[in-house]
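Start at 1 and go down the list; that is how both ligands and their atoms are numbered. The model shown is predicted, which means the values in this text are computed figures rather than measured ones.
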Amino acid sequence: MTLLHTPPHTLPADWYGAAPAPIGVDQAFNGYVAATVVHTLDRLGVWDLLAADPRLDIAGFVRSAGPAVRDRVVREVLRAAAVCGWLRLEDGGDTAVLTDAGRETLRMRGYFTWAVGGYSDLFSGAARLATGEATFGETLLRDEAMVALGSGQNDRSFMSTTLDEVLDGIDFHTLADLGSGISARVSRVVGARPGTRGLGLDISGPATELGHRTIAEAGLTDRVRAIRTDVLDVCHREAHRDAIAEVDTVMSFFLLHDLLADPGTRPQLFTRLREAFPAARTFVLADTMLRPDAEGSATLPVFSLGYELAHALMGVPLHTKETYEELFAAAGLHPVRTVPFGTPHSWLYVLEAR
Ligand SMILES: C[S@@+](CC[C@H](N)C(=O)[O-])C[C@H]1O[C@@H](n2cnc3c(N)ncnc32)[C@H](O)[C@@H]1O
């Protein structure tokens, strides 16, 4: 196993990050507020408009957004974004112009959809979780659709090129994506390769609903299906065996840590996965792994702290790269490629079942 480990000096530079630790009070406070501003601009559709045209006519935007939209509130959020340096207000405050820093924030907005949209109730409810007043999954929830949407946004922005390059070397006909979220990835991949078919499996009702919409918008209803199911039921209880019998390639992104949460089933997970997909010879699996030496680091990258804290609060353990590689090996899954996958401490494996 040791040979597969990647020495620390080969990690991409942005995985170490540039945010200083200890974090200053001013940075922590402003970072919190700024994160909510990024997410608000996303929900209002402002980032999408700025991606298409870096100059936004504010009055025109408010008019087109609908009669109930409050001009004053929109302008205050845009003013806060300008204070953050992501926009420049011109024409007496009537035009918002995207800055270079704003372009970078727009590119990475999926992290904020994930954190603010998906996990803000969990983060702000941590004290109630600690005291026993709230229980995750019962009285404290994450917003699954926002988690899936944020992942999908990041995929489009800075992961799709890596995945497409990896998949170029793989001959597949029927693909399953486990924990497919809004089915954006499976739709994109199948859409780009004529004659192929795809299945997106996800436990979340809201994410699967968005998945049906993604598939329809891509014009792929005859080739891609989104199924709401628990992948653990597929692995351990033989759910949906007919639908998945033909699958020759299995992919999964940012779900494995959830599937590995139960220490009782963890050692057999990948063996059960192979049995559930008997025709699959190739597994393309990616996940965000436990950061080495997190407490000792003098800088912080984007995402890692939120990912680690959210999963700790939910009681989902995270695993090192070494643990993943040991579990793959025990199931007879042999890595033929291992590449860094965009988000800090995330690795993508192409594994052959032998
Ligand atoms: C972080 S999101 C990643 C979504 C997508 N793979 C992506 O990379 O954009 C994790 C997804 O796994 C789904 N999920 C979590 N546990 C699951 C399970 N046991 N079975 C199926 N899906 C699950 C969640 O609903 C969510 O959509």
Side-chain angles (χ1 to χ4, degrees), residues 108-115 117-119 122 136-137 141-160 162-164 166-167 175-190 198-215 224-237 239-240 243-244 250-262 265-266 269-270 272-273 276-277 283-289 303-304 306-308 310-311 314-318 341-349:
M108 303 231 180
R109 69 188 143 140
Y111 287 126
F112 300 90
T113 305
W114 180 93
Y119 282 107
L122 179 71
F136 179 71
L141 301 172
R142 61 179 166 186
D143 185 326
E144 292 171 342
M146 283 292 137
V147 171
L149 180 65
S151 284
Q153 289 174 326
N154 280 352
D155 172 55
R156 278 196 301 284
S157 278
F158 55 85
M159 293 178 188
S160 55
T162 308
L163 178 64
D164 291 348
V166 164
L167 289 178
L175 195 68
D177 187 7
L178 315 183
S180 49
I182 61 169
S183 286
R185 219 183 239 114
V186 64
S187 297
R188 186 170 50 74
V189 169
V190 168
L199 285 176
L201 310 182
D202 201 284
I203 199 170
S204 158
T208 307
E209 275 309 307
L210 288 174
H212 293 312
R213 210 182 306 164
T214 311
I215 293 165
V224 180
R225 260 175 80 193
I227 301 175
R228 182 185 181 187
T229 189
D230 184 339
V231 169
L232 289 171
D233 285 341
V234 173
C235 292
H236 299 294
R237 283 171 282 282
H240 299 289
I244 64 182
V250 173
M251 55 183 199
S252 182
F253 304 92
F254 307 114
L255 164 68
L256 296 180
H257 55 279
D258 281 322
L259 302 185
L260 293 169
D262 180 350
T265 54
R266 188 179 304 145
L269 191 262
F270 292 114
R272 294 287 101 82
L273 195 61
F277 294 91
F283 291 75
V284 180
L285 305 179
D287 206 0
T288 306
M289 302 180 183
F303 191 61
S304 300
Y307 177 73
E308 288 158 6
H311 287 87
M314 293 186 291
V316 176
L318 301 175
F341 198 44
T343 290
H345 306 283
S346 304
W347 293 96
L348 183 147
Y349 289 82

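H257 and Y307 have perpendicular rings, their planes meeting at more than 60° on a 0 to 90° scale where under 30° would count as parallel.
Residues that satisfy the side chain to side chain contact (heavy atoms under 4.5 Å, CB included) test with D262, not counting sequence neighbours, are T265.
The OG atom of S180 sits 6.0 Å away from atom CG of L201, with the distance rounded to the nearest 0.5 Å. With rounding to the nearest 0.5 angstrom, the OG1 atom of T288 is 8.5 Å from the NE2 atom of H311. Considering CG of L163 and CG of D155, their distance stands at 7.0 Å, rounded to 0.5 Å.
Contact shell of ligand 1 (protein heavy atoms, cutoff 4.0 Å): V147, A148, S151, G152, G179, G181, R185, D202, I203, S204, T229, D230, V231, F253, F254, L255, D258, L259.
A donor-acceptor pair shorter than 3.5 Å can be found between the side chains of T343 and Y111.
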